[in-house]
Amino acid sequence: MASLQPVRGMHDLLPLEFQKHSLIIEAARQLAATYGFAEMATPLMEFKEVFKRTLGDVSDIVSKEMYEIADRGGEDIVLRPEGTAGVARAIISEGLTQSMPLKFFYAGPMFRYERPQKGRLRQLHQIGVELFGVVDPLGDVEVISLAFDTLKALGLTHRVTLEINTLGDDESRKQYRNQLVTYLKDHHHKLSSDSQARLDRNPLRILDTKDEGDKKILEGAPLLSESLNPASQEVFAKIQEGLTLLNIPFKVNPHLVRGLDYYCHIAFEVTTTDLGSQGTVLAGGRYDGLMATMGGPSIPGVGWAGGIDRLAMMLHEDQLPAPKSPLAIIPMEERFDFQGLELAQRLREQGFVVEMTYGGGLGKRLKKANKMKARYALILGEEEVASHKVTCKDLESGDQIQLAVDQLGAFLRDKKPEGGE
RNA sequence: GCGGGUGUAGCUCAGGUGGUUAGAGCGCCAGUUUGUGGCACUGGAGGCCGCGGGUUCAAGUCCCGUCACUCGCCCCA
């Protein structure tokens with residue numbers, strides 16, 4: 001049955017997994033709303049150009065990780081590998097640039113042709129927020145605070161670390177990049193081959209290396225914080241003050257970077273050690289140059305994306321809402337089937353969760369009722385139908401009582417004050 | 001994209017150095033109980049041993065390839 005496998009790196013979301021996804025999305029959605037972020041969705045497919053422009057030709061995502069579709073019309077179409085570019089595109093193409101700020105929340109699947117691993121899927125799911133049109137660092141604080149609240153709602157804050165860093169403004173960053181490249185070129189021959197390759201593509205990324213030899217070389221490298229101009233320093237300070245004020249714990253990691261040119265000022269990452277090497281669970285930053293790079297007006301932006309699949313792996317089953325236990329309808333003989341059907345419908349209209357039992361005699365159906373974790377079995381047999389009653393059996397205590405059909409709802413509600421749960 | 005590990009029933013896993021009909025626990029189905037479930041007991045179904053090729057008288061077991069998962073790197077959420 002090899003051909004009946006799912007496509008590599010793409011997983012079914014069976015009910016248990018799906019519930020975890022829902023829980024995460026729902027938590028983020030509700031919290032985003034309390035911050036004034038409105039939910040939106042963009043298409044799963046975009047023109048390749050959208051990502052080429054925003055992520056840049058040099059990024060791995062664009063150069064080798066996109067699913068490209070041979071469109072019948074000959075258009076260059078890709079499955080979206082991330083969410084921000086699509087939102088930015090929508091802002092331009094829908095003409096939303098007139099009134100700022102814009103605050104969006106989204107959730108959905110992304111696609112990257114990577115080598116799968118635990119926590120690294122080819123169809124991955126993300127939640128994300130974007131705040132456009134605000135330069136004030138207060139915006140950055142709120143965006144991070146929303147991320148933190150979401151993690152808090154999921155009960156994960158004690159298992160993750162928030163790291164932040166600043167890339168400074170254009171001036172600071174460019175100056176620093178030059179210094180860093182000059183320094184690293186002197187040590188070029190000692191760098192790992194990975195880092196050598198990054199030297200001209202994406203030098204800031206070298207700060208992030210895992211290679212021990214590289215790390216040693218970096219100890220003598222100039223620090224980005226020393227290149228920050230006063231304005232950039234001020235921005236970073238205000239963000240830290242804000243986070244502290246809101247009791248959001250963070251660590252400044254001077255080696256945390258973003259490679260692409262339109263990133264500036266804040267960069268942040270939420271990581272965990274619980275998930276192995278795919279430990280980044282949420283990450284974001286400020287991208288004031290993004291809209292202009294796309295060919296739109298120059299509108300500042302800040303946001304983040306969180307990995308639903310990775311967050312879901314950190315969730316415990318007992319964090320999920322308890323499943324509602326159903327009422328099980330048991331017609332004793334085929335001729336009472338329709339009475340059962342009607343009864344089920346009546347109770348559902350009153351808000352109860354009702355399941356039909358199919359096939360077998362009373363014993364077998366009680367067994368089935370038990371298996372579906374029903375709290376009550378509602379039995380309809382000759383006696384009951386003749387007297388317009390129903391036998392209501394409590395499957396925990398074994399007690400049973402005959403009740404008129406129209407008293408049933410009141411009785412069950414009374415027994416279960418939570419109202420049918 | 002690079003390097004390593006794994007792949008036996010629905011699930012978790014046993015199956016030294018190749019050797020008859022491939023096992024266990026859990027789960028599933030049935031019976032003990034045809035108007036009374038859970039528990040217990042008894043029985044049963046369910047395996048192209050991931051897939052393809054090779055070596056051999058003989059392959060779940062050895063070799064090669066392939067697919068999937070997985071660990072690390074790369075990259076990222």
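Atom set for the values below is all heavy atoms of this structure, side chains included, hydrogens, waters and symmetry mates excluded. Chain letters run A, B, ... following the sequence lines, proteins first, then strands; residues in each count from 1.
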For the [atom1] atoms, the ones on [N] and on [M], what distance do you get once it is rounded to whole angstrom?
N      : M      : atom1 : result
B:rG4  : B:rG16 : P     : 27 Å
B:rU32 : B:rC26 : P     : 22 Å
B:rC11 : B:rC28 : C1'   : 11 Å
B:rG15 : B:rG19 : P     : 13 Å
B:rG60 : B:rG54 : P     : 15 Å
B:rU61 : B:rU6  : C1'   : 16 Å
B:rG43 : B:rU55 : P     : 45 Å
B:rU8  : B:rG50 : P     : 6 Å

Please state how far atom [atom1] in [X] lies from atom [atom2] in [N], giving the value in whole angstrom units.
X        : N      : atom1 : atom2 : value
A:Met313 : B:rC71 : CE    : C1'   : 14 Å
A:Arg365 : B:rU34 : CZ    : P     : 16 Å
A:Met372 : B:rG27 : CE    : P     : 19 Å
A:Met332 : B:rU34 : CE    : P     : 12 Å

Would you say [X] reaches [N]'s phosphate, i.e. side-chain N/O to OP1/OP2 under 4.0 Å?
X        : N      : answer
A:Lys371 : B:rC29 : yes
A:Lys367 : B:rU36 : no
A:Lys364 : B:rA30 : yes

Less than 3.5 Å apart, which donor and acceptor atoms pair up between the side chains of residues 80-92 of chain A and the rest of the protein, not counting sequence neighbours?
residue : atom : partner  : partner atom : Å
A:Arg80 : NE   : A:Pro109 : O            : 2.8
A:Arg80 : NH1  : A:Thr42  : O            : 3.1
A:Arg80 : NH1  : A:Thr42  : OG1          : 3.4
A:Arg80 : NH2  : A:Pro109 : O            : 3.0
A:Glu82 : OE1  : A:Thr84  : N            : 3.0
A:Glu82 : OE2  : A:Ala85  : N            : 2.9
A:Thr84 : OG1  : A:Glu130 : OE2          : 2.8
A:Arg89 : NE   : A:Ser93  : OG           : 3.3
A:Arg89 : NH1  : A:Glu46  : OE1          : 3.0
A:Arg89 : NH1  : A:Glu46  : OE2          : 2.5
A:Arg89 : NH2  : A:Ser93  : OG           : 3.3

Query - Protein proximity profile, nucleotides 72-77 of chain B - base contact B, sugar-phosphate-only contact S, no contact -, cut-off 4.0 Å on heavy atoms - result: BBBBBB
Taking [X] for the side chain and [Y] for the main chain, is one N or O donor matched with an acceptor at less than 3.5 Å?
X        : Y        : result
A:Asp208 : A:Leu256 : no
A:Lys368 : A:Met356 : no
A:Tyr176 : A:Pro222 : yes

Query raised in the report: Looking at side-chain heavy atoms only, is the closest gap between A:Leu275 and A:Lys118 below 4.5 Å?
Result: no
Report task. Could you check if a side-chain atom of A:Gln19 sits within less than 4.5 angstrom of a side-chain atom of A:Ser22, using non-hydrogen atoms only? Result -> no
Report task. On RNA chain B, check which nucleotide each of A:Thr391 and A:Met10 is closest to and give me the residue with the more 5' one. Result -> A:Thr391
Query raised in the report: Of A:Asp394 and A:His11, whose nearest nucleotide on RNA chain B comes first from the 5' end?
Result: A:Asp394
Query raised in the report: Are any of the side-chain nitrogens in A:Arg286 or A:Asp288 under 4.0 Å away from the carboxylate oxygens of its partner?
Result: yes
On a plain distance test, is the side chain of [X] in donor-acceptor contact with the base of [N] below 3.5 Å?
X        : N      : value
A:Lys393 : B:rU36 : yes
A:Asn370 : B:rG37 : yes
A:Glu384 : B:rG35 : yes

Report summary line: Residue pairs meeting side chain to side chain donor-acceptor pair (under 3.5 Å), one or both in residues 23-38 of chain A, sequence neighbours left out, come to A:Glu26-A:Arg29, A:Glu26-A:Gln30, A:Arg29-A:Glu39, A:Tyr35-A:Ser145, A:Tyr35-A:Asp149
